[in-house]
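Input: a single structure, listed below in structure tokens.
Here is how names work: the chains are called A, B, and so on, in the same order as the sequence lines, proteins then strands, and each is numbered from 1.
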Amino acid sequence: MTEIATPADEAEAHAVQDELRGLVVHDEPGPPPGTGLVTGVDVAYDDERDMVAAAAVVLDAATLAVVEEATAVGRVAFPYIPGLLAFRELPTVLAALAALRSDPGLVVCDGYGLAHPRRFGLAAHLGVVTGLPALGVAKNPFTFSYEPPGARRGDSSPLLAENGEEVGRALRTREGVKPVFVSVGHRVDLATACAHTLRLARDYRLPESTRRADALCRRALREATA
DNA sequence: GCGACAG
DNA sequence: ATCTTGTCGC
């Protein structure tokens, strides 16, 4: 898969995002929920040792069974700057995806896609660079606002930008628990993205894909560090 | 200028 | 993200 060039500074990173944003595809419904493969990706850091580990876990969308796993380790190439998360996470994530034998299918990212200051978050960036359908599921609303969705699993409410634009949805995956924040990345629409997220979050608040990827990248970091 | 801010 | 014990509940 393609490489991610590390920007020299913040202005250059913005320029890259502004250019790639035009390549995002928003008019495809995306893969039907519950069929094919879904791949979760996540990253863990050891800033002390300047190391990063990424994991990609492929799941059977119907059963949520693990089909394949891959990891990659590398050096931290970019600092954490809100709005520029992709430059920090994607290089290693792409390496993990490249190590996969399976076609990843739909990629589920830990963070945002469209819901982003320049409408080009992590999931959109990953989608454009790989060509794969991708969506983002975040644990926090970032700078966006929302009214709490209904109490039942599956209830949702719009995630709104300052100008009132709907950039995603707050989706309740568990009763009595804080919602997750879903936004489209590439080649998937918002309704389909929410449907996938709900199916993946069958047993816990977060999608099984990100839970599995989170556990795996932490383990990979431990083993690379030890 | 200050604070807020996905992971 | 990461630093971190116990604790309440199914």
As a test of reading the structure: which of B/dA6, B/dC5, B/dG7 is closest to the side chain of A/Thr143, going by heavy atoms?
B/dC5
Is A/Lys139 near enough to B/dA6 that one of its side-chain N or O atoms lies under 4.0 angstrom from OP1 or OP2?
no
Measuring to OP1 and OP2 of B/dC5, would you say a side-chain N or O of A/Asn140 lies under 4.0 angstrom away?
no
In whole angstrom, give the distance that lies between atom CG of A/Leu90 and atom C1' of B/dG7.
12 Å
As an exercise, state the distance from CD1 of A/Ile4 to CG of A/Leu126, rounded to the nearest 0.5 Å.
7.5 Å
For A/Ile81 and B/dC5, give me the distance from atom CD1 to atom P, rounded to whole Å.
17 Å
Can the ring centroids of A/Phe144 and A/Phe181 be said to lie less than 6.0 angstrom from one another?
no
Answer yes or no: does a side-chain N or O of A/Arg218 lie under 4.0 Å from OP1 or OP2 of C/dT2?
yes
Nearest-Å distance for atom pair NZ/C1', residues A/Lys178 and B/dA6:
11 Å
May I have the distance from A/Phe78 (atom CZ) to B/dG7 (atom P), rounded to whole angstrom?
18 Å
What is the separation between atom CZ on A/Arg88 and atom P on C/dT2, rounded to the nearest whole Å?
10 Å
A/Asp42 near the nucleic acid: base, sugar-phosphate alone, or nothing, with a heavy-atom cut-off under 4.0 Å?
sugar-phosphate
Mind checking if A/Gly83 touches a base, just sugar-phosphate, or nothing, with heavy atoms under 4.0 Å?
base
Interatomic distance where CD belongs to A/Glu89 and P belongs to B/dA6 [whole Å]:
12 Å
Picking from B/dG7, C/dT2, B/dC5, the nucleotide nearest the side-chain atoms of A/Ala44 would be C/dT2
Kindly assign one of parallel, tilted or perpendicular to the pair A/Phe120 and A/His125, based on the angle between their ring planes and the thresholds 30° and 60°.
tilted
Pick base, sugar-phosphate or nothing for A/Tyr45, based on heavy-atom distances below 4.0 Å to the nucleic acid.
sugar-phosphate
Give the rounded distance in Å between these two atoms: CG of A/Leu85 and C1' of C/dA1.
9 Å
Which nucleotide wins on minimum distance to the side chain of A/Phe142, given the candidates C/dT2, B/dC5, B/dG7?
B/dC5
Do we count A/Tyr80 as stacking onto C/dA1 if the rule is ring centres under 5.5 Å and planes under 30°?
no
With a 4.0 Å cut-off on N to O distance, would you call A/Asp214 and A/Arg211 a salt bridge?
no
Measure the distance from CZ on A/Arg49 to P on C/dC3 and round it to the nearest whole Å.
12 Å
Electrostatic pair A/Asp110:A/Lys139 at N-O distance under 4.0 angstrom
yes
Across the strands shown, which category fits A/Leu84 at heavy-atom distances under 4.0 angstrom: base, sugar-phosphate, nothing?
base
